[in-house]
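Before any comments, here is the structure.
Residue numbers start from 1 in every chain, and the chains themselves are labelled A, B, ... in the order their sequence lines are given, proteins ahead of strands.
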2 protein chains.
Amino acid sequence: MSLIFKALSDPTRRRVLEMLRQRPMSAGDLAAAFQVSKPTMSAHFAVLREAGLIASEKQAQSVIYHLQMSVLEEAMLGFAQAFGWQLHTVSKPDSSPD
Amino acid sequence: MSLIFKALSDPTRRRVLEMLRQRPMSAGDLAAAFQVSKPTMSAHFAVLREAGLIASEKQAQSVIYHLQMSVLEEAMLGFAQAFGWQLHTVSKPDSSPD
DNA sequence: ACTCTATTTCGATATTTAGCTAAATACAAA
DNA sequence: TTTGTATTTAGCTAAATATCGAAATAGAGT
C-alpha cells in the first residue's frame with residue numbers, strides 16, 4: 001500500500017498511468033510526453049513497476065509498458081473500504097474505432 | 001493531489017487517519033498508540049495538516065485533531081474519476097451508544 | 001562486424017524524509 | 001509565579017528520492 005501511494009504521489013507518474021489507461025505505450029513514447037530526461041523517466045517507470053502498477057514486454061528494440069489496472073483497483077478498493085466507501089467500475093475509455 | 005498521496009504513503013499516517021475516523025483525538029493520545037517519539041508524531045501531524053487531511057483545535061493544554069473527511073473524499077473521488085471508477089459512501093462507523 | 005535506435009544503468013549532486021534528543025512554548029493549576 | 005503537562009520547534013544524522021549527463025546494453029538493419 002505504501003509503495004502504491006508513494007508511486008501515486010508524483011504527478012508525472014500519475015500522468016503516465018492515465019496515459020497507459022488509454023493504451024499500452026513504449027518507454028520512448030511516454031518519455032516524449034514529458035520535459036524530463038529519459039533516464040529520469042526510466043526511474044519513474046521503475047517506481048511504478050515496483051509498486052506493481054505497470055508491467056512491460058519487450059517488442060523489438062522497444063519496451064512496451066501497460067497498466068496493471070487490477071493492482072490499482074484492488075489498492076483503491078482496500079483503501080476505500082477502510083474509510084467506509086465503496087468503489088465500482090463505471091466505464092472503460094473509448095478504444096480507437098476501427 | 002501530490003501532497004495527499006504523499007501523506008498517505010506512510011503507514012503511520014494512514015493509521016492516524018483511521019483512528020481519527022472513529023473520533024477526534026488529542027496529539028498525545030494519538031502519539032501513545034505508536035512506538036515513535038512525540039516529536040516524530042508531531043511531524044506526521046504536520047504532513048497530514050499540510051495536505052488538508054486533518055485539522056486541530058486547541059482545548060486547554062491539548063491539541064485535538066480531527067479528520068477532514070471531505071478533503072480525503074474529494075481527493076479520492078477525483079482520482080477514482082480519472083480511472084473510470086465511481087466512489088460512494090457506504091456507512092459511518094458506529095458512534096458510542098449513549 | 002558495424003551502426004543506428006531504444007532503453008537502462010552508473011555515478012554524481014541536491015533535496016527531502018523519518019527519526020532522534022534537547023530545548024522552547026503554551027497553558028493550567030497550585 | 002513557580003511547577004507540571006502537552007505539544008511543537010530546533011538541530012542533527014542517516015537514508016531515500018529526483019534529477020542529470022555519460023556510458024552500457026539489447027536488438028535490428030546494413
Side-chain angles (χ1 to χ4, degrees), chain A residues 1-20 22-68 71-72 75 79, chain B residues 1-20 22-68 72 75:
Chain A
M1 196 75 127
S2 292
L3 279 182
I4 290 181
F5 281 124
K6 181 81 76 165
L8 293 176
S9 74
D10 181 280
T12 296
R13 290 193 292 258
R14 285 197 303 276
R15 271 207 56 213
V16 167
L17 293 182
E18 289 186 39
M19 290 176 74
L20 291 180
Q22 308 306 309
R23 65 181 180 290
M25 288 178 77
S26 73
D29 287 351
L30 286 166
F34 299 86
Q35 298 294 349
V36 301
S37 72
K38 281 187 261 207
T40 294
M41 287 305 291
S42 192
H44 282 310
F45 301 149
V47 170
L48 290 168
R49 188 166 358 91
E50 274 147 39
L53 293 171
I54 63 175
S56 60
E57 326 102 48
K58 196 104 208 232
Q59 187 179 295
Q61 303 104 310
S62 300
V63 173
I64 309 294
Y65 282 107
H66 62 92
L67 185 55
Q68 300 274 69
V71 173
L72 183 55
F79 182 75
Chain B
M1 195 76 125
S2 293
L3 280 182
I4 289 181
F5 281 123
K6 182 81 75 162
L8 294 175
S9 75
D10 181 279
T12 297
R13 290 194 290 259
R14 286 197 301 276
R15 270 208 57 214
V16 167
L17 293 181
E18 290 187 38
M19 290 175 73
L20 291 181
Q22 308 306 309
R23 64 180 181 293
M25 289 178 76
S26 73
D29 286 352
L30 286 165
F34 299 86
Q35 298 292 350
V36 300
S37 71
K38 281 188 263 204
T40 294
M41 288 304 292
S42 191
H44 282 310
F45 301 150
V47 170
L48 290 168
R49 188 166 358 91
E50 275 146 38
L53 293 171
I54 63 175
S56 60
E57 326 101 50
K58 196 104 207 234
Q59 187 179 294
Q61 304 104 311
S62 300
V63 172
I64 309 294
Y65 282 106
H66 61 93
L67 184 55
Q68 300 273 70
L72 183 55

* Structure fact -> Rounded to whole Å, the CD-P distance (B:Glu57 to C:dA26) equals 19 Å
* Whole Å only: how far is the CD atom of A:Glu50 from the P atom of D:dA18? -> 11 Å
* Give the rounded distance in Å between these two atoms: CG of A:Asp10 and C1' of C:dT15. => 14 Å
* Map A:Ser9 and A:Ala60 onto DNA chain D by nearest heavy atom, then report which one ends up closer to the 5' terminus. => A:Ser9
* Interatomic distance where CZ belongs to A:Phe34 and C1' belongs to D:dT19 [whole Å] -> 16 Å
* To do: Please list, chain by chain and in numerical order, all residues satisfying side-chain hydrogen bond (donor to acceptor under 3.5 Å, both in side chains) with B:Ser42, sequence neighbours excluded.
  => none
* Does anything in residues 27-68 of chain A pair up under ring pair (Phe, Tyr, Trp, His ring centres under 6.0 Å), and if so which pairs, sequence neighbours excluded? -> A:Phe45-A:Tyr65
Protein-nucleotides 5-10 of chain D N/O pairs under 3.5 Å:
from: D:dT7; atom 1: OP1; to: B:Ala27; atom 2: N; distance (Å): 3.3
from: D:dT7; atom 1: OP1; to: B:Gly28; atom 2: N; distance (Å): 3.4
from: D:dT7; atom 1: OP1; to: B:Val63; atom 2: N; distance (Å): 3.3
from: D:dT7; atom 1: OP2; to: B:Gly28; atom 2: N; distance (Å): 2.6
from: D:dT8; atom 1: OP1; to: B:Tyr65; atom 2: OH; distance (Å): 2.6
from: D:dT8; atom 1: OP2; to: B:Ser42; atom 2: OG; distance (Å): 2.9
from: D:dT8; atom 1: O5'; to: B:Ser42; atom 2: OG; distance (Å): 3.3

* May I ask you to verify if any side-chain N or O of B:His44 is less than 4.0 angstrom from the OP1 or OP2 atom of C:dG19? => yes
* Residues which pass side-chain hydrogen bond (donor to acceptor under 3.5 Å, both in side chains) with B:Ser2, listed by chain and number, not counting sequence neighbours -> A:Arg14
* Structure fact -> Across all chains, not counting sequence neighbours, the side-chain hydrogen bond (donor to acceptor under 3.5 Å, both in side chains) partners of A:Thr40 are A:Ser37
* Structure fact -> Across all chains, not counting sequence neighbours, the side-chain contact (heavy atoms from CB on, under 4.5 Å) partners of A:Glu18 are B:Ala82, B:Phe83
* Tell me: CG of A:Leu3 to P of D:dA16, nearest whole Å? -> 13 Å
* Considering all heavy atoms, the nearest A:Leu67-A:Leu53 contact -> CD1-O, 3.4 Å
* Check whether any side-chain nitrogen or oxygen of B:Ser37 sits under 4.0 Å from OP1 or OP2 of C:dC20, and answer yes or no. => yes
